[in-house]
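In this chain, numbering begins with 1 at the start of the sequence shown.
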Amino acid sequence: MAANLYNQYAWLVDTIRTAGRITKREIDERWARSPLNEKGDKVYPLRSFHRHKDAIADLLGIYIGCDKFDGNRYYISDRAGNMGSDFRTKLCNVLTFANLLLDSPDMQKKVVWSRTNDGSEHLATLLDAMRNKRLVMLKLTQEKGASERIVLPYCIAQNDMQWYLAAKDDKSGGEIEVISLVDVRTVNVLKTKGVVPKWFKGDMFFASYFGKVEPIADKKRTKSDSKKQKANAASAETKNSKAESETGASANAQLSLF
């Protein structure tokens, strides 16, 4: 049920985005032909439409506006001023791609997926924990001693087709470290809350860890904050240099940050 609901969100965003501006009647006509319309509805139920529209805004930060002066046509709004961001662009592209596959089952055979584990199955849980400022319990694989760790997640990043977590151990109170999500078996969100320091900048931290060119720091940051950031990044880089060489983290690989 939940999976089908998210598929409908993807369908609705892509339908409106592709059309540019579209009436409710035109949405109904396309919905009637969609494979996602399992009930065979002739229209996209009005109550469901507005409920889904609000959910898309809350969950994805994508706002669907309605222009009453243009025949009540719906469009993707940029009222939050973030549709030009790299993250929103990637998100819309992913939704478009997912909708094409869902709308054309035959095309699924023409897309070859990598079978390599990249740790992406833990992303939703970690994002939920970071949003609610919760600590998480990580169960690591046998290769890592099958141990359990309680950490405060700071940030996640993708590099060389694998996902990594920047986190701080709740017990040790040491430096921020990087954990490959490939080495994580399960993630459980705890009730205990934690605070990520304001000086922490995920892009700078991972840029240093993966050997990227460090971006220009925020002008509002103080010199002391900058020193703390660089010290933690350098410490994490030294501590994890061996693990980095084993996984083959390349300095020229593309970095994607969340």
Side-chain angles (χ1 to χ4, degrees), residues 1-115 118-132 156-158 161 163 254-258:
M1 179 65 180
N4 186 55
L5 188 58
Y6 283 114
N7 291 339
Q8 289 184 38
Y9 294 164
W11 180 91
L12 187 57
V13 170
D14 180 56
T15 297
I16 297 175
R17 180 171 179 253
T18 302
R21 286 176 172 261
I22 187 171
T23 64
K24 177 62 168 59
R25 181 177 179 179
E26 291 170 328
I27 293 175
D28 292 340
E29 292 174 351
R30 299 188 186 190
W31 178 246
R33 301 192 301 268
S34 173
L36 294 177
N37 184 7
E38 298 176 348
K39 297 181 179 180
D41 295 327
K42 295 183 179 180
V43 299
Y44 200 119
L46 187 60
R47 291 182 63 183
S48 297
F49 174 76
H50 288 293
R51 188 169 63 250
H52 294 174
K53 182 167 65 71
D54 293 339
I56 289 169
D58 292 337
L59 296 174
L60 305 178
I62 297 176
Y63 297 91
I64 298 174
C66 179
D67 191 345
K68 296 181 179 180
F69 299 99
D70 187 24
N72 288 321
R73 282 181 167 82
Y74 291 92
Y75 61 97
I76 300 299
S77 171
D78 191 23
R79 71 184 188 189
N82 56 18
M83 286 306 295
S85 68
D86 184 56
F87 173 74
R88 298 298 172 189
T89 300
K90 287 183 178 180
L91 180 59
C92 285
N93 289 339
V94 168
L95 292 176
T96 298
F97 180 70
N99 183 58
L100 287 172
L101 291 181
L102 292 169
D103 226 16
S104 305
D106 292 340
M107 291 301 296
Q108 296 178 16
K109 300 178 182 179
K110 300 182 181 297
V111 178
V112 181
W113 301 97
S114 172
R115 295 185 179 182
D118 62 355
S120 58
E121 67 271 22
H122 304 305
L123 294 179
T125 304
L126 288 170
L127 286 173
D128 180 64
M130 287 189 289
R131 180 179 60 183
N132 294 297
I156 55 178
Q158 185 190 53
M161 301 301 292
W163 287 94
Q254 184 179 3
L255 175 65
S256 177
L257 179 70
F258 285 85

Partner set under salt bridge (Lys or Arg N to Asp or Glu O under 4.0 Å) for R73, not counting sequence neighbours
D70
Return the minimal non-hydrogen interatomic distance between W163 and G119, and the atom names on each side.
CD1-C, 4.5 Å
OH of Y75 to CD1 of I16, rounded to nearest 0.5 Å, is 11.0 Å
Please report the closest heavy-atom contact between E26 and R21, naming both atoms and the distance.
OE1-O, 4.5 Å
For residues S77 and G65, report the shortest heavy-atom separation together with the two atoms involved.
CB-N, 4.1 Å
Got a second to check how far E29's CD is from I27's CD1, nearest 0.5 Å?
10.5 Å
Can you measure from CZ (R25) to CG (N72) and round to the nearest 0.5 angstrom?
14.0 Å
Decide yes or no for M130 and L127: does some side-chain heavy atom of the first lie under 4.5 Å from some side-chain heavy atom of the second?
yes
Step by step, work out the side-chain contact (heavy atoms from CB on, under 4.5 Å) result for L12 and F49.
CA-CA 9 Å; L12 187 57; F49 174 76; 3.8 Å; yes
Results of side chain to side chain contact (heavy atoms under 4.5 Å, CB included) for A19 - residues two or more places apart only
I22, R30
Side chain to side chain contact (heavy atoms under 4.5 Å, CB included) against T18, all qualifying residues, sequence neighbours excluded:
D14
Identify, with sequence neighbours excluded, every residue that meets salt bridge (Lys or Arg N to Asp or Glu O under 4.0 Å) alongside E121.
none
Value rounded to 0.5 Å, distance of OH in Y63 from CD1 in I76:
12.5 Å
For the atom pair OH (Y74) and SG (C66), what is the distance rounded to the nearest 0.5 Å?
4.5 Å
Report the residues that fulfil side chain to side chain contact (heavy atoms under 4.5 Å, CB included) with D28, sequence neighbours left out, ordered by chain and then residue number.
K24, V43, Y44
Shortest non-hydrogen contact between L126 and I156, atoms and distance:
CD1-CG2, 4.2 Å
Hey, could you give me the CH2/CG distance between W31 and N37, rounded to the nearest 0.5 Å?
5.0 Å
Salt bridge (Lys or Arg N to Asp or Glu O under 4.0 Å) against R131, all qualifying residues, sequence neighbours excluded:
D128
